[in-house]
Protein chains: 2
Amino acid sequence: MHPELQLDNQICFRLYTAARLITQAYTPLLNQLGITYPQYLVMMVLWEQDAQPVNDIARRLVLETNTVTPLLQRMEKQGVLVRTRGKEDKRQQIVSLTEKGREMEERAFQLIPRGMGEELKACPLKLKDYLRLAEELDSIINSLKNK
Amino acid sequence: MHPELQLDNQICFRLYTAARLITQAYTPLLNQLGITYPQYLVMMVLWEQDAQPVNDIARRLVLETNTVTPLLQRMEKQGVLVRTRGKEDKRQQIVSLTEKGREMEERAFQLIPRGMGEELKACPLKLKDYLRLAEELDSIINSLKNK
DNA sequence: TTTTGTTAAATCGTTTGCGATATAAATATT
DNA sequence: AATATTTATATCGCAAACGATTTAACAAAA
């Protein structure tokens, strides 16, 4: 009836679906590392800069601490990171990689980019398309993030 | 270290973030209808074609029945739809809108498109960009869906 | 017809995501 | 200094997602 309410006209439904399917494509690869996709995001943040407080990680991932804290607790239990009280500010929990967490980076590098390339080899998009897609997504993200 | 493992180079992280933020933007609007975003997707499927078995709804949303079934159970409890056993095939649950569910369409039409336009008015993308974005997302979705 | 296999939903357990609230430490105010 | 406010995390409850398994009905094969 109302074309505005049809699923096929919804950008949001496509984003929602594409995000889920890509996450699913990551899953068999990440299983080999013993982590989930959101946990992989945390690992990338820490590989880039180790020893960060919870808040910085959450901000980087555009998530709230009530999502990140339990995630970090599970990851600490798995032994890929540790949380220690901040020295200057005792409210902070500083999150640092363990040896196991640091070692995972090289294995991820061997597995993930190659594996995801394989998963997406049926996709007709070229590098240029992905770059433009990234920009378009960034402009959506930025206009919604600061509200 | 490895640029392939940097968050800023991840299309997937952008999809994941954009999908979450857009869903969050829908939330205050959908609250006025008393439903969540995934429930809204189910409503759109049923507004387009009423009285469908669970499987058809799941397929349309690219979800599994183990996600859709509890969703439908909650929606039935809220009184927007009913589930009845299929007549020819008694394994099927036929999902149909109630009067309350049908009435919601017009309110959604008044609220959602206008409200989301408002939410995204800071976004510089034009209609043409959204159309291309939709195509790009479709090609990602299609290459991952059939696996 | 009995057996075997397939299909449609549902159930179970775990991880996310998030609104709301709580706790404790740091900072600002009086 | 004592009080009030802000900030950093954590906790709680609920709704999604999803892999794995179960149940019941249908279909195909022996």
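The structure displayed is predicted, hence computed values, not measured ones. Numbers restart at 1 for each chain; the letters A, B, ... are given by sequence-line order, proteins then strands.
- When the P atom of C:dA9 is taken as reference, atom CG of B:Leu81 falls 14 Å away, rounded to whole Å.
- Ring geometry for B:Tyr37 against A:Tyr16 counts as perpendicular: the plane angle is over 60°, on a 0 to 90° scale with 30° as the lower cut.
- Residue A:Gln78 is the one, among B:Arg20 and A:Gln78, whose nearest nucleotide of DNA chain C lies closer to the 5' end (criterion: closest heavy atom).
- Remark: P of C:dT6 and CG of B:Asp89 are 17 Å apart, rounded to the nearest angstrom.
- Using a 4.0 Å cut-off, some side-chain N or O of A:Gln39 falls inside it from OP1 or OP2 of C:dT16.
- Summarising the local packing, CZ of A:Arg114 is surrounded by 12 or fewer heavy atoms from other residues, nucleotides or ligands at distances under 6.0 Å.
- In this structure, CG in B:Asn31 is found 11.0 Å from CG in B:Leu111, a value given to the nearest 0.5 Å.
- Transitive grouping of hydrophobic side chains (ILVMFWY, heavy atoms separated by less than 4.5 Å) brings B:Leu21 and A:Ile11 into a common cluster.
- One atom, CD1 of A:Ile22, and another, P of C:dT16, lie 18 Å apart when rounded to the nearest Å.
- Within the 4.0 angstrom heavy-atom criterion, no nucleotide atom of any strand lies near B:Arg59.
- Heavy-atom contacts from other residues, nucleotides or ligands closer than 6.0 Å to CD of B:Glu64 number 12 or fewer.
- For C:dT27, the OP1/OP2 oxygens have no side-chain nitrogen or oxygen of A:Arg91 closer than 4.0 Å.
- With DNA chain D read from its 5' end, the first of the two nearest nucleotides for A:Leu21 and A:Arg83 is the one closest to A:Arg83.
- Note: NZ (B:Lys90) to P (C:dA10) measures 17 Å, nearest angstrom.
- In this structure, B:Glu64 reaches neither bases nor backbone, as no heavy-atom distance under 4.0 Å exists between it and the strands shown.
- The phosphate of C:dT15 (OP1 or OP2) has no side-chain N or O of A:Tyr37 nearer than 4.0 angstrom.
- Ranked by how close their nearest DNA chain D nucleotide is to the 5' end, A:Val54 and A:Thr23 are led by A:Val54.
- Contact annotation for A:Arg74: base contact, defined as any heavy-atom pair under 4.0 Å involving a base atom.
- Computed from coordinates, the B:Tyr16 OH to C:dG17 C1' distance equals 8 Å when rounded to whole Å.
- Across all strands, B:Thr67 comes closer than 4.0 Å to base atoms (heavy-atom distances).
- Screening B:Gln52, B:Gln49, B:Glu48 for a side-chain hydrogen bond (donor to acceptor under 3.5 Å, both in side chains) involving B:Arg60 leaves a single residue, B:Glu48.
- Residue B:Gln73 contributes atom CD, which lies 13 Å from atom P of C:dA9 at whole-angstrom precision.
- Between A:Leu61 atom CG and C:dT15 atom P there is a gap of 18 Å when expressed in whole angstrom units.
- You won't find any donor-acceptor pair under 3.5 Å spanning the side chain of A:Asn66 and the base of C:dG17, going by distance alone.
- Distance CZ (A:Arg85) to C1' (C:dT23): 10 Å, rounded to an integer number of Å.
- Relative ring orientation between B:Phe109 and A:His2 is described as parallel, the plane-to-plane angle staying below 30° on a 0-90° scale split at 30° and 60°.
- Reading DNA chain D from its 5' end, the first and the last nucleotide to sit under 4.0 Å from a heavy atom of chain B are D:dA15 to D:dC26.
- The residue from B:Lys87, B:Arg91, B:Arg85, B:Gln92 that alone fulfils the side-chain hydrogen bond (donor to acceptor under 3.5 Å, both in side chains) condition with B:Asp89 is B:Arg91.
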